[in-house]
Amino acid sequence: MTEQSTNWEPKIIAFLCNWCSYAGADLAGVSRFQYPSNIRIVRVPCSGRVSENMIMSALKSGADGILVSGCHPGDCHYISGNYFARRRFALLSNLLDFIGIEPGRVNFSWVSASEGEQFAEVVQSVTEKVKALGPASRLVKKIDALETALQVA
Amino acid sequence: MPTINETVSEEIRAQARKLLEDGTVAAVIGYGSGSLPMTVKPLVVRSPEDCRKLIWNTFCVLNLANYLPATLKSVEPPRGPRDPKPEGPLPKVAICATGCWSRSIVVQIQEHQVARDRVVVLGVGSRGMVSRRKVEALFGGREILAVEEGDHDLIIQGADFSETINRWDVVRDNCQTCTHPDPVLVDVRIGEPVSERKNPNPFIQVDALEQKSGDGRWAWFTEEFATCIRCYACRNACPLCYCPTCFVDDAKPQWVGKSLDAVDTGLFHILRAYHCAGRCTDCGTCETVCPKGINMRMLTKKLNKDVLNLYGIEAGMQPDAPLPLTTYAMDDPQQFMANEPGSGKEGK
Ligand code: SF4
Ligand code: SF4
Ligand code: SF4
């Protein structure tokens, strides 16, 4: 873990829904709540838009952590998108645990547009969790390793 | 005295012939004999004369529902992609179905891939199908030339041996843990109905894996899928995988690489299993067709377990209820959320 010793900082991909969590992130910024700069935000129309393919693709590409955040149940801009998302995320989160992906790599939360402070707290706690886990290695595609293997072959 | 499966075969042939002769259906999906011992091949019969080719035995391991949508399409009058649907009812298709296959048909109906009024289900109570791999393992490389089937035994014959083995010992894992062997949709009953099986724990294999540590489970996952050659037989044989373009074939964006890289293979399996969440009936076809003997069914079985425990649904058991992932409840469990009190993994 040489990376860790040289002040390793995790990269966390955050899929935030446009109507609540993204606005929550905005409010956190405007209100000057401090939160770690480890997150890279991807704005999506709804948490229901976040597919398992997107989450796995982010992990494959080397994200150390994932955060998916949407409106609180009952507050979805599209009425029910987050309810459908909740079922899908529950199953995905269990399946990833089942195959041995560390709990804490892939996180889900509800943050509303008025919860700037809560947004900062969620990012803080997710970043701490991911830092404790160290750099992701499971399901990260190592292009270098592959190229070396090909050259050797 | 004919065996149970001989009687079932006779009844299938008679019913298929009757349905084709009186014009009720345009085709019957069943099984014909294979070219090797312990193999059968799916067969679509379109004329009464060909019904004699239909058979039923303990090696009928492929889920016939997989062939239903295409067979339905094949009996429709030919038309261009933009031509309107022809007037009047379209021809019907009959299909032999056990418990899990009939549940797959229910899922196909729920997902509008199959019209209920165009299908005639020849319902067969399943007694569990035998895994060819398990039998071969018992004989460790000795070539098996013929297998004779009794109701509870199999007589395995080779060039210089003939041994009798207990049938249930070599029944597939998914059949051994099955609780609903009798079809849920029956239009024409074939043979005797079989009762629900009292299985103390249908998820015993999943539970065993869950007992392992996180690292142990990761080791299992990487080892289990290490030999996968990405032939996609597991996907192609599954009645749920009817997508015209599967995510593995998508190029933009390319969700999984085409290489044999372990990460790409792992992602293929995670996502394929996940796409079957709430739809898989544990028919075991994916596992049966794998040339490498990979137990990818553990992933779908884990999802089946969670869907049952979290949402109280078993795929294909309630034709009138929506599929678990196309509906929701206001109070669905959400302990897995990062900012929920008591967050962690979802209750088992
Ligand atoms: S694996 Fe998924 S995308 Fe591919 S055919 Fe099956 S359900 Fe469709
Ligand atoms: S995933 Fe496997 S066990 Fe489940 S329905 Fe498809 S073929 Fe059958
Ligand atoms: S059938 Fe077996 S070898 Fe082929 S893709 Fe599926 S798991 Fe891999």
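Hydrogens, waters and symmetry mates are skipped; everything else that's a heavy atom, side chains included, is used. Quick caveat, the model's predicted, so the values are computed rather than measured. The chains referred to below are lettered A, B, ... by the order of the sequence lines, with proteins before strands, and numbering in each begins at 1.
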Exercise for the section: Pick one of side chain, backbone, both or neither for B:Leu271, based on which atoms fall under 4.5 Å of a heavy atom in chain A. Expected result: side chain
Exercise for the section: Using a strict 4.0 Å threshold on nitrogen-to-oxygen distance, state whether B:Asp261 and A:Lys142 make a salt bridge. Expected result: no
Exercise for the section: Output yes when a side-chain donor or acceptor of A:Lys60 lies under 3.5 Å from a complementary backbone atom of B:Trp255, and no otherwise. Expected result: yes
Problem - Per-residue contact mode, B:Ala219 against chain A (heavy atom under 4.5 angstrom) - result: neither
Practice task
Counting only heavy atoms closer than 4.5 Å, note whether B:Pro253 contacts chain A via side chain, backbone, both or neither.
Solution key: neither
Practice task
Please check if atom CD1 in B:Ile204 has more than 12 non-hydrogen atoms from other residues, nucleotides or ligands closer than 6.0 Å.
Solution key: no
Exercise for the section: Could you look at B:Asp264 and say if it's the side chain, the backbone, both or neither that has a heavy atom under 4.5 Å from chain A? Expected result: side chain
Practice task
Name the option with the most non-hydrogen atom pairs under 4.5 Å to chain B; the candidates are A:Leu92, A:Ile101, A:Leu67, A:Val68.
Solution key: A:Leu92
Handout entry: Non-hydrogen atoms of A:Phe89 and B:Tyr274 that approach each other most closely
Key = N-OH, 4.3 Å
Completion exercise
If one checks every heavy atom of B:Ser213 against chain A at 4.5 Å, the contacting part turns out to be neither
Exercise for the section: Tell me, for B:Phe221 versus chain A, whether the close heavy atoms (under 4.5 Å) come from the side chain, the backbone, both or neither. Expected result: side chain
Handout entry: For chain A, the option from B:Phe247, B:Trp220, B:Tyr311 that forms the most heavy-atom pairs under 4.5 Å
Key = B:Tyr311
Handout entry: Euclidean distance, A:Ser80 OG relative to B:Met330 CE, rounded to 0.5 Å
Key = 9.0 Å
Fill in the blank from the handout: From the list A:Glu102, A:Met56, A:Glu121, the residue making the most non-hydrogen contacts under 4.5 Å with chain B is A:Met56
Problem - Residues, nucleotides or ligands: over 12 heavy atoms within 6.0 Å of A:Tyr22 OH - result: no
Problem - Residues of residues 32-54 of chain A within contact distance of chain B, non-hydrogen under 4.5 Å - result: A:Glu52, A:Asn53, A:Met54
Handout entry: Qualifying side chain to side chain donor-acceptor pair (under 3.5 Å) pairs, either residue in residues 83-92 of chain A, two or more places apart
Key = A:Arg86-B:Gln334, A:Arg87-B:Asp332
Handout entry: Closest-packed option against chain B by number of heavy-atom pairs under 4.5 Å, given A:Val140, A:Val126, A:Leu96, A:Leu91
Key = A:Leu91
Handout entry: Residue part contacting chain A, namely of B:Glu224, when any heavy atom lies under 4.5 Å
Key = neither
Handout entry: B:Val307 portion near chain A, given a 4.5 angstrom heavy-atom threshold
Key = both
Problem - Heavy-atom side-chain proximity of A:Phe98 to B:Leu303 below 4.5 angstrom - result: no
Fill in the blank from the handout: Honestly, the part of A:Pro73 sitting under 4.5 Å from a heavy atom of chain B is side chain
Problem - Minimum heavy-atom distance B:Leu299-A:Leu95, with the two atoms named - result: O-CD1, 4.1 Å
Practice task
Check step by step if side-chain contact (heavy atoms from CB on, under 4.5 Å) holds for A:Arg138 and B:Asp215.
Solution key: CA-CA 11 Å; A:Arg138 297 173 184 180; B:Asp215 290 341; 2.8 Å; yes
